[in-house]
Amino acid sequence: MSGNDSTGNGTPRRRRRRSRRKHRPGNGQRGQNSQQQGSQASQRSQNSQQQRGQNSQNSSNQGKRKSNRNQTHRRKGASPNSRNRQRSRNNSRPRSFDEHSSLPTSVETSAGGLVLSGLAEAVQPNGEVDFSAIYVALIGRLDRRGRLLWSMPKGHIEPDESQHATAEREVWEETGVAGEVIADLGTIDYWFVSEGIRIHKTVHHHLLRYVDGDLNDEDPEVTEVRWLPVNRLIEHLAYADERRLARQAFDSLADLARAEAEAGRATPR
């Protein structure tokens, strides 16, 4: 052995072992690893949230599809409960008029119309007709709600009485003025039930020329009587059928007024 491998007394030297220190990453490396781990955790969190959102959307779509199927099922009437509810609603509706067909039936006929004043005077020198100068007599009655409803005078046809005679009589009784029928206007018919009887009523309307008299409301069934310009007639009539007849009257009023003027029939004052 050489002198380097032994001590002075001949004892062999022991070699010191150098401890190998493991390489540890520095602070920069550890920061990068921490950022990478945080980024991976964030990505996993986003993926988890997206998955939950997709699951929630799928559940919502399934719920909508199920709701639509239920609605379709109800529309098709497959549910006995829905059919029972529908029958219950049908039974609660007001009965139609056909259900009164078992009642005894009666037929009534009336006549009346519009008495016109100022026909001849409404014709202008150029042949035009001023409808604001023609007046008609209307009657007003209070309904159950206290409203004043305007209508044409009319009443029942008596035995052996003609429609024209009834129209002239009823106009005089309900308005206080006398008139003479000069044209037919039209007919209204309708059904109603009174005191357990189905009544089919027909009313014949006419146009009358004013002859004499003053307005009065002595008839107990009439609340008020009034002269109105014929161009305001439609807006005052309460019933649609009479408004329809009033529109028809306008189609013939101009010719009637010219005929009265040519015949020299001035309106009595």
Side-chain angles (χ1 to χ4, degrees), residues 108-125 127-141 150-189 201-234 236-239 241-269:
E108 295 183 0
T109 307
S110 298
L114 291 172
V115 57
L116 305 166
S117 175
L119 283 171
E121 291 75 13
V123 181
Q124 305 300 305
E128 297 293 328
V129 177
D130 181 9
F131 289 106
S132 65
I134 302 174
Y135 285 78
V136 294
L138 295 182
I139 62 173
R141 291 188 173 97
W150 294 99
S151 63
M152 302 179 187
K154 53 189 169 293
H156 293 288
I157 296 178
E158 300 294 340
D160 301 327
E161 188 178 39
S162 67
Q163 294 178 14
H164 288 187
T166 300
E168 294 172 355
R169 175 179 58 79
E170 287 294 337
V171 166
W172 177 77
E173 290 179 356
E174 294 190 344
T175 67
V177 300
E180 180 183 0
V181 174
I182 57 176
D184 295 336
L185 180 54
T187 301
I188 296 173
D189 74 294
K201 188 167 186 175
T202 303
V203 185
H204 302 278
H205 292 80
H206 309 275
L207 296 176
L208 297 85
R209 175 195 306 118
Y210 170 77
V211 175
D212 194 9
D214 297 322
L215 293 180
N216 67 71
D217 54 2
E218 295 180 358
D219 191 313
E221 297 181 357
V222 176
T223 304
E224 188 176 341
V225 183
R226 182 182 298 179
W227 284 110
L228 284 174
V230 74
N231 59 353
R232 296 176 55 195
L233 172 62
I234 296 175
H236 275 77
L237 290 172
Y239 305 106
D241 288 338
E242 291 191 353
R243 291 195 295 270
R244 175 179 57 82
L245 292 180
R247 293 186 182 94
Q248 293 178 198
F250 273 92
D251 295 337
S252 59
L253 275 182
D255 291 338
L256 288 175
R258 295 188 186 99
E260 293 290 293
E262 291 175 0
R265 297 192 184 97
T267 302
R269 298 295 180 185

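In this text, all values refer to a predicted model and were calculated from it rather than measured experimentally.
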Taking E158 for its side chain and T166 for its backbone only, find out whether a donor-acceptor pair lies under 3.5 Å.
-> no
Give a yes or no on whether the backbone of M152 and the side-chain of E242 come within a donor-acceptor separation of less than 3.5 Å.
-> yes
Listed partners of [X] passing ring-ring contact (aromatic ring centres under 6.0 Å, His included), at least two apart:
| X | value |
| --- | --- |
| H206 | H164 |
| Y135 | none |
| Y239 | none |

Sequence neighbours left out, what passes side-chain hydrogen bond (donor to acceptor under 3.5 Å, both in side chains) with [X]? Give chain and number order.
| X | answer |
| --- | --- |
| T202 | none |
| R209 | E180, E260 |
| R232 | none |
| E173 | R169 |

Which pair of non-hydrogen atoms, one from L207 and one from A249, has the smallest distance, and what is that distance?
-> CD2-CB, 4.3 Å
Write down the atom of L215, the atom of A137, and the distance for their closest heavy-atom approach.
-> CD2-CB, 4.2 Å
How many angstroms lie between CG in L228 and CG in L237, if you round to the nearest 0.5 Å?
-> 8.5 Å
Atom NE2 of H205 and atom CG of D241: how far apart are they, to the nearest 0.5 Å?
-> 8.5 Å
Assess whether atom CH2 of W227 is packed by more than 12 heavy atoms of other residues, nucleotides or ligands within 6.0 Å.
-> yes
Within 6.0 angstrom of D214 CG, more than 12 heavy atoms from elsewhere | no
Could you tell me whether the side chain of S151 reaches within less than 4.5 Å of the side chain of I139, counting heavy atoms only?
-> yes
State, yes or no, whether a side-chain contact exists between R258 and V129 at a heavy-atom distance under 4.5 Å.
-> yes
Salt bridge (Lys or Arg N to Asp or Glu O under 4.0 Å) with D189: which residues, sequence neighbours excluded?
-> none
Please report the C-alpha distance between E108 and K201 in whole Å, then the side-chain angles of each, then the deciding distance to 0.1 Å, and finally whether the side chain to side chain contact (heavy atoms under 4.5 Å, CB included) criterion is met.
-> CA-CA 5 Å; E108 295 183 0; K201 188 167 186 175; 4.0 Å; yes
With sequence neighbours excluded, residues passing side-chain contact (heavy atoms from CB on, under 4.5 Å) with A165 | E161, S162
Audit row: I234, F250, side chain to side chain contact (heavy atoms under 4.5 Å, CB included) steps and yes/no = CA-CA 10 Å; I234 296 175; F250 273 92; 4.0 Å; yes
Test V230 against L253 for side chain to side chain contact (heavy atoms under 4.5 Å, CB included), laying out the working first.
-> CA-CA 10 Å; V230 74; L253 275 182; 3.5 Å; yes
Side-chain donor/acceptor pairs under 3.5 Å, residues 218-225, sequence neighbours excluded:
from: D219; atom 1: OD1; to: E221; atom 2: N; distance (Å): 2.8
from: T223; atom 1: OG1; to: L142; atom 2: N; distance (Å): 3.4
from: E224; atom 1: OE2; to: R226; atom 2: NH2; distance (Å): 2.8

Tabulate below the donor-acceptor pairs under 3.5 Å that side-chain atoms of residues 109-124 make, not counting sequence neighbours, or state none.
from: S110; atom 1: OG; to: G155; atom 2: O; distance (Å): 3.4
from: E121; atom 1: OE1; to: T267; atom 2: OG1; distance (Å): 2.9
from: E121; atom 1: OE2; to: T267; atom 2: N; distance (Å): 2.8
from: Q124; atom 1: NE2; to: A122; atom 2: O; distance (Å): 3.2

